[in-house]
2 protein chains.
Amino acid sequence: MARPRKPLLSRDRIVAAALALIDAEGLAALSTRRLAAELGVSGPSLYNHFATKEAILDAAADTVIGNVDVSMFGDGRHDWRAALLEWARSYRAALTAHPNIVPFLAVGPGLRPAGLRMADAVFGGMVEAGWPPAQATRIGALMRYFVTGSALGTFAGGFVGDPAAYDPADYPHLGQAHRLADHREQVDAAAFETGLRALVDGLALQFR
Amino acid sequence: MARPRKPLLSRDRIVAAALALIDAEGLAALSTRRLAAELGVSGPSLYNHFATKEAILDAAADTVIGNVDVSMFGDGRHDWRAALLEWARSYRAALTAHPNIVPFLAVGPGLRPAGLRMADAVFGGMVEAGWPPAQATRIGALMRYFVTGSALGTFAGGFVGDPAAYDPADYPHLGQAHRLADHREQVDAAAFETGLRALVDGLALQFR
DNA sequence: GTCTATAAGTGGATAGAC
DNA sequence: GTCTATCCACTTATAGAC
């Protein structure tokens, strides 16, 4: 096939396919060949739209962050505590929708446009609410730590469903740990909510 | 060279070299060939000590977690708040000593022995302090989220030192963001401390 | 703007000699 | 227990035809 009448590819289609592939098979499964095959196209064609594979990943990561709702900052209908709670939940939901890209997204430079827009909104919202700028910066940072950490690693998933795996001689307190394996999502979601509330409550103690 | 009098390799030497290589050049730089070269040995020799490359990474990750101090749990000299604060700081220090392995360590199953010993100690310490088991589990989980998240991603590092990078039209509140690039460690460390205190203070409000 | 062909290289892992 | 030799799948990216 030579040049088709209509372009077969577009940046959006490539990013969507990359995200789907990463979701289905993990970060390591994303190769330019695999991705091109998924799009019904030959490998090198991707380079007409992105300079490198890294650029594709950056675009995919930014798409994920773009799904985070930041409309609660500075709309006058939320106090800073409510805004922080809502934003954190939206942030976590955006990441857990594509968990396999989180390691890339969390390590990367974070200079991507959607990430900056999010940082800008959070910082602006906190300052407007009365936080000193230095504290507003820290709040943005620490919330990022907590949300990315919770989206990255399932805690409950670290335990297997086999009671025999936890010899009381080695792990005296883990006698019931095998039960966690059956409720991974619930355990992780509950831990996130507990931590989120503690964080916001604890910050409120520092306000002013 | 045939079989040497004394083994040239050992699991410990391999793990130490792997960690050094990951520290110096990142996770992606760890290949069996590179690692073997670093040890003055030929590639396949590693397979006499580890079945797969993954097993080497698991051992390296477990070594890092093994450096976390958990002695403050259940020693009678710490209340739960002080124990949590001390543990979290030791945990973060262990991870930031080897930041490049954190993505692997945080995603992985966490079934490794040192990780289980740590989970066991934290859970036991919280239950002993009077927390209900379900809450003790959540505390272990949410602290893991926060610490791994903070060790994984530098927040401040996501900003470049060039003021022109933050056009006020796009990011109305990031006018001073370029200053963060100069103090990455301090900003990240301060955000961690602020979040840690908020977490523990917030949890105290939920106690009983 | 997609194709074919291919460069130029890396990866993990195995077989069998010593 | 380390070696050499080797397999083979797979990688990102480029050159040039159409």
Pairs of donor and acceptor atoms involving the side chains of residues 161-170 of chain A, under 3.5 Å and at least two apart or interchain, shall be tabulated with distances.
from    : atom 1 : to      : atom 2 : distance (Å)
D162(A) : OD1    : A164(A) : N      : 3.0
Y166(A) : OH     : V160(A) : N      : 2.9
D167(A) : OD1    : A169(A) : N      : 2.8

Query raised in the report: Taking CG from L27(A) and P from dT11(D), how many angstroms apart are they, rounded to a whole number?
Result: 14 Å
Query raised in the report: Between dT12(D), dG11(C), dC3(C), which nucleotide has the shortest distance from any of its atoms to the side chain of S31(B)?
Result: dG11(C)
Report summary line: Residues passing the ring-ring contact (aromatic ring centres under 6.0 Å, His included) test with F155(A), sequence neighbours excluded, are F159(A)
**Report entry** Positions of residues 43-64 of chain B (non-hydrogen atom under 4.0 Å from DNA chain C), listed by number
**Finding:** P44(B), Y47(B), T52(B), K53(B)
Requested in this report: Round to a whole Å and report the spacing from CG of L9(A) to C1' of dG1(C).
Outcome: 8 Å
Report task. Taking only the side-chain heavy atoms of R33(B) (C-beta and beyond), determine which of dG11(C), dT2(C), dG1(D) contains the nearest atom. Result -> dG11(C)
Report summary line: Those residues at least two apart in sequence (or on a different chain) that pass side-chain contact (heavy atoms from CB on, under 4.5 Å) with D120(B) are Y171(A), P172(A), H173(A), L174(A)
Query - Which residues share a side-chain contact (heavy atoms from CB on, under 4.5 Å) with E86(A), sequence neighbours left out - result: M72(A), H78(A)
Report summary line: L30(B) atom CG is separated from dT10(C) atom C1', nearest whole Å, by 14 Å
Requested in this report: List in chain and number order the residues that pass side-chain hydrogen bond (donor to acceptor under 3.5 Å, both in side chains) with H98(B), two or more places apart in sequence or in another chain; answer none if no residue qualifies.
Outcome: D23(B)
Query raised in the report: Between dT11(D) atom P and R34(A) atom CZ, what is the distance in whole Å?
Result: 9 Å
Query raised in the report: Do the side-chain N or O atoms of T32(A) get closer than 4.0 angstrom to the phosphate oxygens (OP1, OP2) of dT12(D)?
Result: yes
Query - Ring center gap for F146(A) and F192(A) short of 6.0 angstrom - result: yes
